[in-house]
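Heavy atoms only: backbone and side chains are in, while hydrogens, waters and symmetry mates are out.
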Amino acid sequence: MSNITETRQGADYDAIVVGAGIAGLYQLYRLREMGLKVLALDAASAVGGTWYWNRYPGARVDSQSYVYQYWFSDELLEEWDWSERFPSQPETERYLNYVADKFDLRKDIQFNTTVTSAHWDAERSRWLIETDQGDAFTATYFASCAGMLSAPVIPFTDHETFKGQIAHTARWPREGIDLRGKRVGVIGTGATGIQVIQTIAAQVGELKVFQRTPQYAVPMRNEAYDDAARNAWRAQYPRLRESVQHTFVGFDFDLMTESYLDLSPQERLAALEKLWADGSLSFWVGGFAELLDNETVNAEISEFTRAKIRARIKDPVLAEKLVPKSFGFGTARVPLESGYYDVYNRDNVELVDVSETPIAGFTENGLLVGEQEYPLDVVILATGFDAGTGALSRMDIHGRDGRSLTELWSKDIRSTLGLQVHGFPNLFTVAGPLAPSTAFCNMATCLQQQVDWVTDCIAYLREQGRNSIEPSSEKEAWWVQHHDETANETLLMTTNSWYTGANIEGKPRRLLSYIGGVGKYREFCDEAKTSHYEGYIVA
Ligand code: NAP
């Protein structure tokens with residue numbers, strides 16, 4: 001690796017891509033196909049992005065495999081066999097490695113390399129990009145595909161006091177952690193914590209779950225695919241490739257057009273049971289649209305979900321602790337679960353409610369909650385991410401006149417279509433804030449659409465013999481306003497979660513993902529392109 005770093009040092013590129021996950025690999029492929037000299041950089045030692053880092057026990061995709069894949073190559077679609085409806089992390093990682101090999105992408109990726117700063121040189125219309133390996137690259141275009149949920153958060157300062165083993169789920173060691181028979185503590189019960197807890201409960205000696213906020217999780221209906229099932233899905237790929245572009249969240253299902261309020265109580269119940277039985281995120285974002293903007297409907301569906309949770313827990317007092325009451329169903333990311341609630345009926349599992357008495361910190365032997373010490377051998381931090389802005393803010397990016405993206409976003413999180421930021425020419429932010437990515441999108445759909453947009457935009461600049469593009473401040477103000485108006489029509493702004501940046505102290509509050517729908521978002525993006533980037537500064 002070090003040889004590659006040395007030979008590349010100081011090299012000039014047409015484009016530098018950050019990240020070698022789903023978006024980064026595709027961005028590298030597309031720009032290279034256009035004939036550009038491209039280099040992708042990744043802090044990891046191999047491809048995979050999210051699926052490289054999040055190798056914790058039980059990590060699994062919440063999107064169906066038949067819509068969580070690349071569409072650009074018929075050959076790839078023909079060759080790759082998914083083994084189940086919701087694939088595990090190892091399978092998804094294998095898939096991305098297969099793609100990297102098939103399209104010979106590795107030769108243009110420098111691994112083990114973190115971008116430490118990027119400065120726009122206005123005179124030369126180029127980015128100067130420095131890395132922790134001592135590289136100083138220049139590039140005309142700087143495309144960050146660094147991920148929406150890739151900057152892990154450790155909300156403690158004293159965790160090094162702990163003499164046992166500690167791991168954040170998004171930095172899980174490649175060699176794994178032997179949890180068998182150990183006293184294990186898990187902090188966090190979001191989508192990640194739930195997957196970890198339900199997977200390790202039967203392996204560990206004792207499991208303490210430190211829960212601050214319970215979640216509404218929907219049972220995942222996973223199933224193995226045999227050749228017949230795979231062929232049936234494969235026959236649908238042409239339809240799926242098109243349909244996912246236009247639905248509310250980039251899945252094969254869409255919000256229902258039927259109004260919940262028009263149904264009788266029996267019809268409502270029957271409709272909810274039917275959605276529930278699908279065992280996917282369709283109960284949330286493929287169900288009744290009023291769930292997200294009507295308090296009465298939301299209250300009823302929340303109650304339906306609470307009853308489902310209560311029915312799973314033998315001890316009614318414990319059940320009440322696991323039932324969310326402080327926010328409405330679907331106003332934060334809904335996790336899928338497989339046996340999660342049942343874990344709490346086990347003798348070796350204890351729920352430690354830290355909602356009123358918070359975790360005071362670490363001791364040498366474990367965790368302290370109030371006066372009580374919980375002795376542990378291993379602590380698993382499923383404590384989430386600095387979402388949307390974190391990966392970019394940690395890169396120290398400076399645009400026109402030296403302005404700092406980190407500083408800008410520490411006061412006001414702004415972007416245009418989540419793809420560019422005023423004052424930062426030729427910076428492209430795939431999976432950046434204020435696009436539907438992650439929170440309201442099947443990531444594979446949105447990432448490919450965004451990469452395609454970036455690629456078309458760069459192609460346009462080159463065809464027109466132009467050097468740079470950035471949104472005007474008016475264009476940006478328009479998008480931010482539309483984004484906020486759309487968000488404010490929903491119930492989402494009232495809930496504290498990473499969706500609104502509430503998990504990070506001092507982070508400006510704004511819904512990080514656009515909630516107007518993937519189809520509608522695509523129309524805005526297409527319109528920017530067909531209008532030849534009206535409202536953008538093209539120099
Ligand atoms: P998260 O949803 O932000 O959850 C973090 C958890 O840590 C929360 O339960 C939070 O409690 C808790 N926490 C943080 N600081 C704490 C403290 N000081 N004391 C006690 N508890 C603390 O993060 P995540 O679970 O990693 O999920 C992030 C996102 O990644 C998901 O929403 C999803 O979009 C994505 N994801 C997807 C999949 C999938 O597709 N299968 C799997 C995993 C993750 P509070 O809620 O009280 O703050």
Side-chain angles (χ1 to χ4, degrees), residues 62-64 66-67 85-86 191 194 198 213-223 236 243-244 246-345 439-440 442 489-495 497 515-519:
D62 273 355
S63 294
Q64 289 85 338
Y66 50 82
V67 294
R85 190 183 189 209
F86 295 103
I194 284 175
Q198 69 195 15
T213 312
Q215 287 290 325
Y216 300 94
V218 173
M220 170 187 277
R221 191 173 60 76
N222 202 2
E223 62 195 10
Q236 303 226 36
S243 69
V244 297
H246 307 289
T247 56
F248 179 52
V249 286
F251 281 83
D252 185 29
F253 51 75
D254 209 344
L255 283 178
M256 288 158 52
T257 46
E258 222 170 350
S259 163
Y260 185 84
L261 294 169
D262 287 349
L263 302 180
S264 69
Q266 292 81 354
E267 287 169 333
R268 290 175 186 180
L269 196 59
L272 292 180
E273 289 290 0
K274 190 168 171 233
L275 285 165
W276 191 262
D278 186 56
S280 73
L281 294 178
S282 68
F283 182 77
W284 171 38
V285 276
F288 294 96
E290 296 127 304
L291 169 75
L292 299 175
D293 61 15
N294 182 304
E295 280 182 36
T296 312
V297 175
N298 186 281
E300 270 196 34
I301 297 178
S302 299
E303 206 40 59
F304 172 91
T305 315
R306 288 186 195 116
K308 293 281 188 195
I309 298 172
R310 287 187 183 108
R312 301 267 294 274
I313 318 291
K314 287 185 188 149
D315 173 353
V317 178
L318 179 60
E320 284 318 299
K321 290 188 181 165
L322 285 158
V323 167
K325 298 184 184 100
S326 61
F327 63 101
F329 176 83
T331 60
R333 164 67 145 83
V334 175
L336 296 183
E337 57 89 22
S338 306
Y340 172 67
Y341 294 108
D342 315 294
V343 152
Y344 294 96
N345 297 325
F440 299 108
N442 162 35
E489 282 166 12
T490 72
L491 303 170
L492 275 96
M493 290 307 293
T494 55
T495 296
S497 78
I515 194 176
V518 166

Per side-chain contact (heavy atoms from CB on, under 4.5 Å), Phe253 is matched among Val67, Thr247, Val285, Leu275 by Val285
To the nearest 0.5 Å, atom CG of Leu492 lies from atom CD1 of Ile515 at 4.5 Å
Residues Ile309 and Val323: closest non-hydrogen pair is CG2-CG2, 4.0 Å
- request: Please report the C-alpha distance between Phe304 and Leu269 in whole Å, then the side-chain angles of each, then the deciding distance to 0.1 Å, and finally whether the side-chain contact (heavy atoms from CB on, under 4.5 Å) criterion is met.
  value: CA-CA 8 Å; Phe304 172 91; Leu269 196 59; 3.8 Å; yes
In short, Arg221 meets Ala277 closest at the heavy-atom pair NE-O, 3.3 Å
Rounded to the nearest 0.5 angstrom, the NZ-CG distance for Lys321 and Asp315 is 8.5 Å
In terms of heavy-atom contacts, Leu255 and Ala289 come closest through CD1-CB, 4.0 Å
- Are the side chain of Asn345 and the backbone of Lys314 linked by a donor-acceptor contact shorter than 3.5 Å? yes
Heavy-atom side-chain proximity of Gln236 to Tyr66 below 4.5 angstrom:
no
- Is there a side-chain contact (heavy atoms from CB on, under 4.5 Å) between Trp276 and Thr305 once you walk through the steps? CA-CA 9 Å; Trp276 191 262; Thr305 315; 3.9 Å; yes
### Query
Distance-only, no hydrogens or angles: does the Glu290 side chain make a donor-acceptor pair with backbone N or O of Val297 under 3.5 Å?
no
Review point. Given side chains that start at C-beta, do those of Glu337 and Ile194 come closer than 4.5 Å, heavy atoms only?
Key: yes
The residue among Arg310, Lys325, Arg268 that forms salt bridge (charged side-chain N to carboxylate O under 4.0 Å, His left out) with Glu303 is Arg310
Classify the ring geometry between Tyr340 and Tyr344 as parallel (under 30°), tilted (30 to 60°) or perpendicular (over 60°). perpendicular
Practice prompt. Please work out whether the ring planes of Phe440 and Trp284 are parallel, tilted or perpendicular, with thresholds of 30° and 60°.
Written response: tilted
*Would you call Val218 and Leu281 a side-chain contact if the rule is heavy atoms closer than 4.5 Å?*
no
Is any side-chain heavy atom of Phe288 closer than 4.5 Å to one of Leu272? yes
task: Could you walk me through whether Phe327 and Thr494 pass side-chain contact (heavy atoms from CB on, under 4.5 Å), step by step?
output: CA-CA 8 Å; Phe327 63 101; Thr494 55; over 6 Å; no
Note: Tyr341 and Ile313 closest approach over all heavy atoms is O-CD1, 3.3 Å
The reported gap from CD1 in Ile301 to CG in Leu291 (rounded to nearest 0.5 angstrom) is 4.5 Å
Quick one: are Phe329 and Pro324 in side-chain contact, heavy atoms under 4.5 Å?
no
**Message:** For Glu273, is the CD atom crowded, meaning more than 12 foreign heavy atoms sit under 6.0 Å from it?
**Reply:** yes
(message) Tell me whether Asn442 contacts the main-chain N or O of Gly250 through its side chain, where contact means a donor paired with an acceptor under 3.5 Å.
(response) yes
Do Thr296 and Tyr260 have side chains that get closer than 4.5 Å, going by heavy atoms? no
Heavy-atom closest pair (Gln64 atom, Ser280 atom, distance to 0.1 Å) is NE2-CB, 3.4 Å
Fill in: Phe283-Tyr216 aromatic ring centre distance below 6.0 Å
no
Correct closest heavy-atom pair for Gly286 and Met256 would be O-CG, 3.8 Å
With the threshold set at 4.0 Å, does a side-chain nitrogen-carboxylate oxygen contact exist between Asp252 and Arg85? no
